[in-house]
Amino acid sequence: MDKKYLYWLFPILWMGIIFYSSATPYEQQDMKPFLGESVNLEFLEPLADEVRFTYNESIVSIETHGVEGIVEFFIRKGAHVFVFFILTLLFKLAFDKTTEMRFQNQVLLSFLLTAAYAIMDEIHQGFTPNRTAYMGDVFLDSMGSLIAVVLLIIIRKINWSK
């Protein structure tokens, strides 16, 4: 086997990490106790007091989640964007190193594979105790992928203009 195909281990391993995380019950991922004990978040209370919105049919506010819960919410949702941003970059790297595919096709296929994995990941998460599958999270995952695509296009344009 050609060693260049080892580049496919990067997205495969990353998907394994995502799969493991989705298979972990919420109680084992709850950051609120750590945040409450380790970080003084009192300075956020005036800002967090203004936060109130609905996500997955639940109100997110300081009254319902506390400051630690709001911070955890944004960390967790930011992780969705970040993790799938990285997955898109890893797919693009694997395509770049192992195929003769044009840049546009590499980027498009990287996005589509990432979005497909995001859907499968949410379905998988729905079978995990105290976790729910939610299309809003697929949207966040896809936004992370889209940000990676836009960044790749910008970098390509900058490199072409030199």
Side-chain angles (χ1 to χ4, degrees), residues 9-95 106-158:
L9 285 177
F10 296 121
I12 290 168
L13 289 172
W14 196 249
M15 288 186 295
I17 291 168
I18 295 168
F19 184 90
Y20 175 79
S21 178
S22 293
T24 306
Y26 173 76
E27 294 79 19
Q28 293 176 22
Q29 293 182 345
D30 187 357
M31 293 180 265
K32 291 189 296 292
F34 169 79
L35 290 170
E37 296 167 7
S38 305
V39 183
N40 184 354
L41 297 173
E42 288 178 15
F43 73 98
L44 289 176
E45 285 184 22
L47 295 171
D49 200 32
E50 301 298 319
V51 175
R52 183 178 182 83
F53 57 93
T54 302
Y55 192 83
N56 195 12
E57 301 178 9
S58 297
I59 300 292
V60 177
S61 69
I62 198 163
E63 294 87 23
T64 60
H65 288 70
V67 176
E68 292 86 3
I70 290 175
V71 170
E72 180 194 46
F73 176 86
F74 284 108
I75 289 171
R76 292 172 71 85
K77 298 311 166 189
H80 275 271
V81 173
F82 176 76
V83 164
F84 286 87
F85 170 91
I86 296 297
L87 182 58
T88 302
L89 296 180
L90 294 175
F91 275 131
K92 167 62 174 81
L93 175 67
F95 283 124
Q106 290 178 11
V107 169
L108 177 62
L109 202 48
S110 296
F111 174 80
L112 292 174
L113 287 172
T114 300
Y117 190 72
I119 292 167
M120 289 187 291
D121 180 59
E122 281 304 308
I123 292 168
H124 165 248
Q125 186 172 294
F127 293 103
T128 303
N130 297 323
R131 302 285 299 271
T132 57
Y134 180 53
M135 283 304 295
D137 287 345
V138 173
F139 174 77
L140 290 173
D141 301 340
S142 298
M143 286 305 300
S145 182
L146 185 60
I147 292 167
V149 166
V150 169
L151 181 66
L152 288 166
I153 292 169
I154 289 170
I155 290 170
R156 171 120 172 166
K157 287 192 183 287
I158 290 170

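Scanning both residues, S110 and S145, for their nearest heavy atoms gives O-OG, 4.5 Å.
Pairs engaging residues 130-152 under the salt bridge (charged side-chain N to carboxylate O under 4.0 Å, His left out) rule: K77-D137 [sequence neighbours left out]. Residue pairs meeting the side-chain hydrogen bond (donor to acceptor under 3.5 Å, both in side chains) criterion with at least one partner in residues 13-22, sequence neighbours excluded, are S21-Q29, S22-D121.
The shortest distance between side-chain heavy atoms of E63 and R52 falls below 4.5 Å. You'll find the side chain of L152 stays beyond 4.5 Å of the side chain of F111, heavy atoms only.
The salt bridge (charged side-chain N to carboxylate O under 4.0 Å, His left out) test with K32 is passed by exactly one of E27, E68, E72: E72. Of the listed residues (I155, I154, I153), just one forms a side-chain contact (heavy atoms from CB on, under 4.5 Å) with K157, and that residue is I153.
Rounding to the nearest 0.5 Å places CZ of F10 at 7.0 Å from CG of L93. Considering CG of L90 and CZ of F95, their distance stands at 12.0 Å, rounded to 0.5 Å. Distance check: Y117 OH to H124 NE2 gives 7.5 Å after rounding to the nearest 0.5 Å. Taking NE2 of H80 as the reference point, atom CD1 of I18 lies at 10.0 Å (rounded to 0.5 Å). Rounding to the nearest 0.5 angstrom, the gap separating the OG1 atom in T24 from the CG atom in N130 is 12.5 Å. Interatomic distance, H65 NE2 to I59 CD1, rounded to the nearest 0.5 Å: 9.5 Å.
For F139, the CZ atom counts as loosely surrounded, since its 6.0 Å shell holds 12 or fewer non-hydrogen atoms of other residues, nucleotides or ligands. In F53, the CZ atom is crowded: over 12 heavy atoms of neighbouring residues, nucleotides or ligands sit closer than 6.0 Å.
A search for side-chain contact (heavy atoms from CB on, under 4.5 Å) contacts involving V67 returns L41, L44, E45, A48, I62, V71, not counting sequence neighbours. With sequence neighbours excluded, the residues forming a ring pair (Phe, Tyr, Trp, His ring centres under 6.0 Å) with Y55 are F73, Y134, listed by chain and number. Considering only residues two or more places apart in sequence or on other chains, I147 meets the side-chain contact (heavy atoms from CB on, under 4.5 Å) condition with V81, F85. Residues satisfying the side chain to side chain donor-acceptor pair (under 3.5 Å) criterion with T114, sequence neighbours excluded, are T88.
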